[in-house]
Q: 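Okay, here's the structure, questions in a sec.
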Amino acid sequence: MSDQNPYEKLGVSEDASFDEIQDARNSLLEQHGGDVKYLELIEAAYDAILMERLRMRQEGKIKVPERIRFPEMRVQSPQKESPIPREQSPMWLQTMLDQPSLPEVLIQGSWYLGLSAMTVLFPAASDQILQLALVVGVGISIYFLNCKENKFGRAVLLTLAGLIVGLIAGGLIATWVLQQMPFLSVTKNQFSTVLTFILMWLISSFLR
């Protein structure tokens, strides 16, 4: 068998296809599974044929199938991608947040813009005027919130929470801003009221 060429050792012709060569190799391996020396000769013949085919491919004499040169590039059936669930916000947050239309945002914003202008444009505005403006702002917030879900109690609670947070945070911010910008011609109460209106606008527009 040592005097035979690799093709003769595998029992195939020199123009055999790769599939025929591979089938012959596998068949011989099964027949002589217990003969280690013979198996080595079969593998050597198989490797020699592959090397010769690759050399001929480089010389442009034959076309070697892609699976011989690059086994890892064999075409595989595409696997279906398992759908990845999108991250969703908590349910309690979804029930609170609203997606208002642009006209709704502008209408509510115009009310609070008018109240803010009335508060700021009167430097000598008394506390009674500021309190009146806040009462009107609270009424506007309750009205728009109640129109969304028709839950008056919820609308009142959200509005009062916004009022309290706005006045407290507004007072703290106003103190710092007026210290840094003494040229502003507004009082602490005026500044705090405007910030409260901004918070009320956000609550009445984007909460429900």
Q: Evaluate the side-chain proximity of Val138 to Met200: yes if any heavy-atom separation is below 4.5 Å, no if none is.
A: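 Yes, side chains in contact.
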Q: Taking only residues two or more places apart in sequence or in another chain, which ones pass side chain to side chain contact (heavy atoms under 4.5 Å, CB included) with Ile107?
A: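 Scan of Ile107 (side chain to side chain contact (heavy atoms under 4.5 Å, CB included), adjacent residues dropped) gives Trp111, Phe144.
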Q: Are more than 12 heavy atoms, taken from residues, nucleotides or ligands other than Phe152, located less than 6.0 Å from that residue's CZ atom?
A: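 No, the 6.0 Å shell around CZ holds no more than 12 heavy atoms from other groups.
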Q: Rest of the hydrophobic cluster containing Leu113 (Ile/Leu/Val/Met/Phe/Trp/Tyr, side-chain heavy atoms under 4.5 Å)?
A: none
Q: Considering only residues two or more places apart or on different chains, which pairs with a residue in residues 191-201 satisfy side chain to side chain donor-acceptor pair (under 3.5 Å)?
A: Trp201-Ser205
Q: Considering all heavy atoms of both residues, which atom of Pro6 and which atom of Ile49 are nearest to each other, and what is their separation?
A: CB-CG1, 3.6 Å
Q: Shortest non-hydrogen contact from Tyr46 to Leu10?
A: CA-CD1, 4.1 Å
Q: In Å, rounded to the nearest 0.5 Å, how long is the span from CG of Leu130 to CD of Gln190?
A: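 One finds 6.0 Å between CG of Leu130 and CD of Gln190.
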Q: Do any N or O atoms from the side chain of Ser141 and from the backbone of Gly137 form a donor-acceptor pair under 3.5 angstrom?
A: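 Between the backbone of Gly137 and the side chain of Ser141 there is no qualifying donor-acceptor contact (under 3.5 Å).
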Q: Applying side chain to side chain donor-acceptor pair (under 3.5 Å), which residue pairs with at least one partner in residues 168-184 are found, sequence neighbours left out?
A: Thr175-Lys188
Q: Which distance, rounded to the nearest 0.5 Å, do you find between the CZ of Phe197 and the CE of Met118?
A: 6.5 Å
Q: Under a 3.5 Å distance rule, please check whether Lys148 uses its side chain to pair with a backbone N or O of Ser204 as donor and acceptor.
A: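 Yes; judged by distance alone, with no hydrogens or angles, the pair exists.
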Q: Once side chain to side chain contact (heavy atoms under 4.5 Å, CB included) is applied, do any residues pair with Ser13, and if so which ones, sequence neighbours excluded?
A: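 Ser13: side chain to side chain contact (heavy atoms under 4.5 Å, CB included) contacts with Asp15, Ala16.
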Q: Looking at Leu115 and Val136, what are the two nearest heavy atoms and their distance?
A: CD2-CG1, 4.0 Å
Q: Mind checking what makes side chain to side chain contact (heavy atoms under 4.5 Å, CB included) contact with Tyr143, not counting sequence neighbours?
A: Cys147
